[in-house]
Amino acid sequence: MKPCEVVIVGSGFAGSLLARILAVQGYDVVLLERGTHPRFAIGESSTPLANLSLERLGTRYGMADCYNLATHGRWLAHFPEIRRGLKRGFTYYRHHPDQPFANRGLDSERLLVAASPQDSLSDTHWLRADVDHHFVRQAIAAGVDYRDRVDLASADVAPDSVRVSGTRNGAPFELRANFLIDASGPSGFLARQLSIPSGLEHTETRSALIFSHFDGVRLMKDAVPDMPEGPYPDDWAAVHHVIDEGWMYSLRFDNGLTSAGFLLTPNGIASLKSPATSDAATLWGAMVRRYPTLESAFADATPLMPISFLPAIQHRLTRAAGKRWAVMPHAYAFVDPLFSTGIAWGLRAVERLALAFESAAGNRRVPDPEVLDRYDAALGAEADQIDLVVAGAYEAMAHFDLFAAQAMLYFAAVSFAEVGQRLMPQESVAWNGFLGVGDPVLEPLPRETLGRLRQITQRRSETATPDERRAFAEWITRAIAPRNIAGLADPSRRNLYPVDFDVLIEQHALLGMSRTQLIEALPALRGVGPEPPLTSRQSSPQRDFRLPHAELLGRDLL
């Protein structure tokens, strides 16, 4: 039986990064993987909050690659071989069955919210096969004992240790560790071994997924020419096509590949002909043909892998940590990719557990029970919050003005969080609640918006009236006002929201700052400043490097 200190199950980006960080801290780590790398994975769209986590991890633990992968420009300069896509913001269109997208100029059912002011400072879509493989290789280089082609059989979590057994390439093995982390996926290893109950029945969102990677997808600017110019090119973003049955994502990579998928509600699935007996490609074709602009965009597209269908993508556990174990977010809960929360939430958990082990490195060598309780409570509250925000958006999809108003809740929460994190870059930021959890203004809003939307959409059979929709939008504007530092929910913007530092300066009081103080802080908000110093945690010879200047003049606020 091999002794070690930490066993991590699952070598996606979160598991591999955490394994590497613990090795940097001096822990003996074994990382177990059922398959091999490179491998396909979805969950590909990063956000500014995700990139802030990457920057903090890179700076704190001496991992220059993390810092350099946090913006599109640095990524291209340092890792051009790792495939990625330019993500300038969030683009939304509302389509109607059997009708081409209606280009009505600034009155189109179209919403663009910028996340960066220029390409070099942009967020990215991660081609996960490349990115995950990179992080695995870096974990191995840091001293992690990585084992792939593993079939796990059992885990015995005792008060003083954890025993994990399984086979690798048919040969049995057994590990004895101080701590076990599940970074796998839905219904993961620990959930089965510990019989952790599901909490799915207490959640609101339900959707199915049809997806693949494609070559030859046309740009929306070509499918719908002469649309009014927005704050960035429409296609270089996380593109969302809102439809009667749910919505479709389209993520374009720099090499021409596009990741695309339909998220369908239960009613949307029921509207399809014989979904139980249809194959995924047939379902995909049926959905594309319902919407002429999507059919045009995908007319010459070729799937690069078989189109897949998942009838239910939501899952939720009731516990995220115990005395000798913890579960990473994707193994704990998944809601829906509508607002690109997966990478950011996963990296926030990496930060939290890294800090927990860092504090324990000199004595117990396992995180304190109080910290694990805090981690468990945080994931539970944040999973609820993500679910409520997404469920509200689904409830609003029938009316684009309702949907755009609901989206303002998400963008207000993340823009306020990003600015706060840039102004306060200390380690405690990792424990800030995700999507407004813990904020007295933001935390209660998702539940209230969902309730208000259901009153509008479900209290009678006819569709919501214009007056009801207008009243909801006006209420959202008032509700987010104490945290609206980005000029959101402004009718004069006509659903086109650029990064606007002038608005931020005008809203200085919302951040508890004077106008002068905020202007003086703009270099920090833009990421301009001295080289991040290497701390004592970054002093080993294999990590003796200097991070480059943060060239982020005008860094993204959303």
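- Remark: Arg34 CZ is loosely packed, at most 12 non-hydrogen atoms of other residues, nucleotides or ligands lying under 6.0 Å away.
- Taking 4.5 Å as the limit, some side-chain heavy atom of Gln25 sits within range of a side-chain heavy atom of Tyr61.
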Report task. Apply the test side-chain contact (heavy atoms from CB on, under 4.5 Å) to residues Thr282 and Phe309: give CA-CA distance (whole Å), side-chain angles for both, the deciding distance (0.1 Å), then the verdict. Result -> CA-CA 10 Å; Thr282 300; Phe309 175 59; over 6 Å; no
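- When all heavy atoms of Leu488 and Ser415 are compared, the closest pair comes out as CD1-OG, 4.3 Å.
- Side-chain contact between His202 and Arg316: absent, with no pair of heavy atoms (C-beta onward) separated by less than 4.5 Å.
- Scanning all heavy atoms of the two residues, the minimum distance from Val327 to Tyr332 falls at CG1-N, 3.4 Å.
- Using a 4.0 Å cut-off between a side-chain N of Lys or Arg and a carboxylate O of Asp or Glu, Asp244 and Arg94 qualify as a salt bridge.
- In this structure, Arg365 forms a cation-pi arrangement with Tyr27, its terminal cationic atom sitting closer than 6.0 Å to the ring centre and no more than 45° off the ring axis.
- At distances below 3.5 Å, not a single donor-acceptor pair connects side-chain atoms of Glu5 with backbone N or O atoms of Phe179.
- Using cut-offs of 30° and 60° for the angle between ring planes, the Tyr410 and Phe339 rings count as parallel.
- Atoms OH and OG1, from Tyr394 and Thr457 in turn, are 15.0 Å apart once rounded to the nearest 0.5 Å.
- Under 3.5 Å, the side chains of His37 and Ser11 contain a donor-acceptor pair of N or O atoms.
- Separating the CD1 atom in Ile476 from the CD atom in Glu448 is a distance of 9.0 Å, to the nearest 0.5 Å.
- Classified by interplanar angle (parallel below 30°, tilted 30° to 60°, perpendicular above 60°), the ring pair Phe298/Trp284 is perpendicular.
- Taking the ring centre of Phe416 as origin, the terminal cationic atom of Arg483 falls inside the region bounded by 6.0 Å and 45° from the ring axis.
- The shortest heavy-atom contact between Gly89 and Ala237 is O-CB, 3.1 Å.
- The shortest side-chain heavy-atom distance between Trp247 and Tyr92 does not fall under the 4.5 Å cut-off.
- Counting non-hydrogen atoms of neighbouring residues, nucleotides and ligands closer than 6.0 angstrom, the CZ atom of Arg447 reaches no more than 12 such neighbours.
- The only option from Ile8, Leu18, Val6, Ile21 that meets the side-chain contact (heavy atoms from CB on, under 4.5 Å) definition with Leu353 turns out to be Leu18.
- Rounding to the nearest 0.5 Å places CD of Glu55 at 11.5 Å from CG of Leu347.
- Donor-acceptor pairing under 3.5 Å is lacking for the side chains of Asn267 and Thr265.
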Query - Derivation of the side-chain contact (heavy atoms from CB on, under 4.5 Å) call for Val9 and Leu190 - result: CA-CA 9 Å; Val9 178; Leu190 259 179; over 6 Å; no
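- Looking at Glu351 and Ser53, their side chains do bring a donor and an acceptor atom within 3.5 Å of each other.
- Figure legend: cation-pi geometry between Arg147 and Phe173, with NZ or CZ positioned under 6.0 Å from the six-membered ring centre and within 45° of its axis.
- Going from atom CG of Leu152 over to atom CD of Gln193 covers 8.0 Å, rounded to the nearest 0.5 Å.
- A donor atom on one side chain and an acceptor atom on the other are found under 3.5 Å apart for Lys87 and Ser45.
- Contact annotation: the side chain of Arg56 approaches that of Val429 to within less than 4.5 Å [non-hydrogen atoms, C-beta and beyond].
- In this structure, Phe90 and Ser340 have side chains that are in contact, with non-hydrogen atoms separated by less than 4.5 Å.
- The minimum heavy-atom distance between Gly43 and Arg128, with the atom names listed, is O-NH1, 3.0 Å.
- Between Glu382 and Leu435 there is no side-chain heavy-atom pair separated by less than 4.5 Å.
- Taking CH2 from Trp325 and CG from Leu180, the interatomic distance works out to 9.5 Å, rounded to the nearest 0.5 Å.
- Side-chain atoms of Val390 and Thr341, non-hydrogen and from C-beta on, never get closer than 4.5 Å to each other.
- Salt-bridge formation is not detected for the pair Asp336/Arg206: no Lys NZ or Arg NE/NH1/NH2 atom is positioned less than 4.0 Å from an Asp or Glu carboxylate oxygen.
- Ser154 and Ser165 are linked by a side-chain donor-acceptor pair at a separation below 3.5 angstrom, with hydrogens and angles left out of the test.
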Query - Glu245 vs Arg290, side-chain contact (heavy atoms from CB on, under 4.5 Å): CA-CA, chis, key distance, verdict - result: CA-CA 10 Å; Glu245 298 82 6; Arg290 285 194 180 194; 2.5 Å; yes
**Report entry** Criterion side-chain contact (heavy atoms from CB on, under 4.5 Å) on Arg20 and Cys66, from CA distance to verdict
**Finding:** CA-CA 12 Å; Arg20 175 183 174 190; Cys66 292; 4.3 Å; yes
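- Residues Asp123 and Ser46 approach most closely at CB-OG, 3.8 Å, considering heavy atoms.
- Using a 4.0 Å cut-off between charged nitrogen and carboxylate oxygen, Arg39 and Glu33 count as a salt-bridge pair.
- You'll find the side chain of Leu69 reaches within 4.5 Å of the side chain of His134, heavy atoms only.
- The two residues Glu44 and Ser259 have their closest heavy-atom pair at OE1-OG, 2.6 Å.
- Taking a cutoff of 4.0 Å between a charged side-chain nitrogen and a carboxylate oxygen, Asp156 and Arg324 do not qualify as a salt bridge.
- For the atom pair CZ (Arg319) and CG (Asp376), the distance works out to 6.5 Å, reported to the nearest 0.5 Å.
- No hydrogens or angles considered: a donor-acceptor pair under 3.5 Å links the side chains of Asp387 and Thr205.
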